[in-house]
Amino acid sequence: MPTPKSKRVELLAPAGNLEKLEIAIHFGADAVYLGGKDFSLRNFSGNFHLEEIRQAVAYAHDHDVKVYVAVNIYARNDEQVFIAAYLEKLGAVGPDGVIAADPGVIITARELIPHIPLHLSTQANSTNYKTVEFWERLGIRRVNMARELTLAEIKTIAAQSHIEIEAFVHGAMC
């Protein structure tokens, strides 16, 4: 049974490194998203080693801020074992969500870290409510909508969905 959607807006800010994470938290972010050195498309940021992710999660949680980790590459066959090991390590760190786009990564995450909520990356290019329904059936908790949608289109999708909807409000760059 779907849970009621929250009407509260979450201010989610990018964190390219620990300094930027601290600044985002200081200025009121409810949550931050970040990428690791591997398996993230946030390639214009410094990104985090696993130990830095552990530090980021601890710091954020000490300030009642959530952390979502992007594992949003479209993986190749030879990356599967490494992604699985990385997801298991992330599961031990305890972020508040993992952001993914690749259905294979999503399946692996559901198997290995079922206690970590899965968010669908904007890289998956979700543009309609039926697509959101599809992802919900696969266990996704939040869908980040395609960046080219209008606010009216996002409202229509949100009105016909049972899961959280996320949208970029500052343009096409993370």
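Values below: all heavy atoms of this structure, side chains included; hydrogens, waters and symmetry mates excluded. From a predicted model like this one, the values you see are computed outputs, not experimental measurements.
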What heavy-atom pair brings [X] and [Y] nearest, and what distance separates the two atoms?
X	Y	result
L11	G28	CD2-O, 4.0 Å
A146	N125	CB-OD1, 3.2 Å
S121	A101	CB-CB, 3.9 Å
I73	F39	CG2-C, 3.2 Å
A24	A13	CB-CB, 3.9 Å

- Message: Counting only heavy atoms from other residues, nucleotides and ligands, does the tally under 6.0 Å from CD of E148 exceed 12?
- Response: yes
- Greater than 12 external heavy atoms within 6.0 Å of R141's CZ: no
Would you say [Y] ends up clustered with [X] if hydrophobic residues are merged whenever their side chains have heavy atoms under 4.5 Å apart, either directly or through other cluster members?
X	Y	result
V105	Y74	no
F134	M145	yes
L138	V143	yes

Heavy-atom side-chain proximity of [X] to [Y] below 4.5 angstrom:
X	Y	value
F48	L18	yes
I157	I165	yes
L34	V69	yes
D30	V65	no

Once rounded to the nearest 0.5 Å, what's the spacing between atom [atom1] of [X] and atom [atom2] of [Y]?
X	Y	atom1	atom2	value
N128	S161	CG	OG	9.0 Å
L120	N72	CG	CG	10.0 Å
R110	I116	CZ	CD1	14.5 Å
I140	S126	CD1	OG	9.0 Å
E166	R142	CD	CZ	5.0 Å
I107	L112	CD1	CG	11.5 Å

- Please walk me through it: do N144 and I99 pass side chain to side chain contact (heavy atoms under 4.5 Å, CB included)? CA-CA 9 Å; N144 192 331; I99 303 166; over 6 Å; no
- Name the orientation class of the two ring planes belonging to H119 and Y68 (parallel below 30°, tilted from 30 to 60°, perpendicular beyond 60°). tilted
Can you give the donor-acceptor pairs under 3.5 Å from side chains of residues 75-95 to other protein atoms, not counting sequence neighbours?
unit_1	atom_1	unit_2	atom_2	d
E79	OE1	R76	N	2.7
Q80	NE2	R76	O	3.1

- For I23, the hydrophobic cluster (side chain heavy atoms closer than 4.5 Å, chained through members) also holds F27
- Given the rule in the side chain to side chain contact (heavy atoms under 4.5 Å, CB included) test, do K66 and E10 qualify, once you have shown the distances and angles that lead to the verdict? CA-CA 10 Å; K66 294 180 179 180; E10 177 184 72; 3.9 Å; yes
- Message: Any donor-acceptor pair under 3.5 Å linking the side-chain atoms of T156 with those of E153?
- Response: no
- Are any side-chain N or O atoms of T108 and backbone N or O atoms of G104, one a donor and one an acceptor, separated by less than 3.5 Å? yes
